[in-house]
Amino acid sequence: MEKTFWLSFDLGLRGDYNHLYAWLDNHQAKERGNGLALFRLSCTNHTAPDEEILADLEATVSFSPKDRLYLIWSDTQTGKLKGKFLKGSRRPAAAWEGYGSLVEADTDVLDE
């Protein structure tokens, strides 16, 4: 069964884009913005397609410790969207933090 995936990627200035782009092209990925691709793939591991995709990418692309890949897909069992960092992790602060006009509350609400 084919599934739809979104892959967000940031390999920095010296990343292995040639091999990543070849992988995306071989999977007929569509460009969906800077560092974002959409593709359909038939996975044999329906419970963990992220692991299968990561193994396939690692066989083609040379990753560095600072590279970041984030995969988004619809979970077959729940029908809900899932997202996972295949490489890297969240940054301590988002690039947009501090630009908004929200005012922090004096007290934290813990039971929401």
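Excluded from the calculations below are hydrogen atoms, water molecules and symmetry mates; all remaining heavy atoms, backbone and side chain alike, are included. It should be emphasised that the depicted structure is a prediction, and the values quoted were computed from it without experimental measurement.
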Give, for atom [atom1] of [X] and atom [atom2] of [Y], the distance between the pair rounded to the nearest 0.5 Å.
X	Y	atom1	atom2	result
Leu38	Lys30	CG	NZ	9.0 Å
Leu41	Glu2	CG	CD	7.5 Å
Ser74	Lys82	OG	NZ	10.0 Å

**Request:** For salt bridge (Lys or Arg N to Asp or Glu O under 4.0 Å), just list the numbers for Lys3 and Asp75, CA-CA rounded to whole Å, side-chain angles, deciding distance to a tenth of an Å, and then say yes or no.
**Result:** CA-CA 9 Å; Lys3 295 179 65 66; Asp75 184 278; over 6 Å; no
[Y] side chain reached by [X] side chain, heavy atoms, under 4.5 Å:
X	Y	value
Phe39	Gln28	no
Leu7	Tyr70	no
Leu54	Lys87	yes
Thr44	Glu52	yes
Trp6	Leu81	yes

Shortest non-hydrogen separation from [X] to [Y] and the atoms involved:
X	Y	answer
Asp16	His19	OD1-ND1, 2.8 Å
Asp67	Ser62	OD2-O, 4.2 Å
Pro49	Cys43	CB-SG, 3.8 Å
Leu71	Asp50	CD2-CA, 3.8 Å
Leu11	Leu69	CD2-CD2, 4.4 Å

Backbone N or O of [Y] within a donor-acceptor pair of the [X] side chain at under 3.5 Å?
X	Y	result
Arg68	Phe85	no
Glu31	Leu36	no
Glu97	Ala94	yes
Asn26	Ala22	yes

**Request:** Quick one: list whatever passes ring-ring contact (aromatic ring centres under 6.0 Å, His included) with His27, sequence neighbours left out.
**Result:** Trp23
**Prompt:** When the ring planes of Trp73 and Phe5 are compared, do they come out parallel, tilted or perpendicular, using 30° and 60° as the limits?
**Reply:** tilted
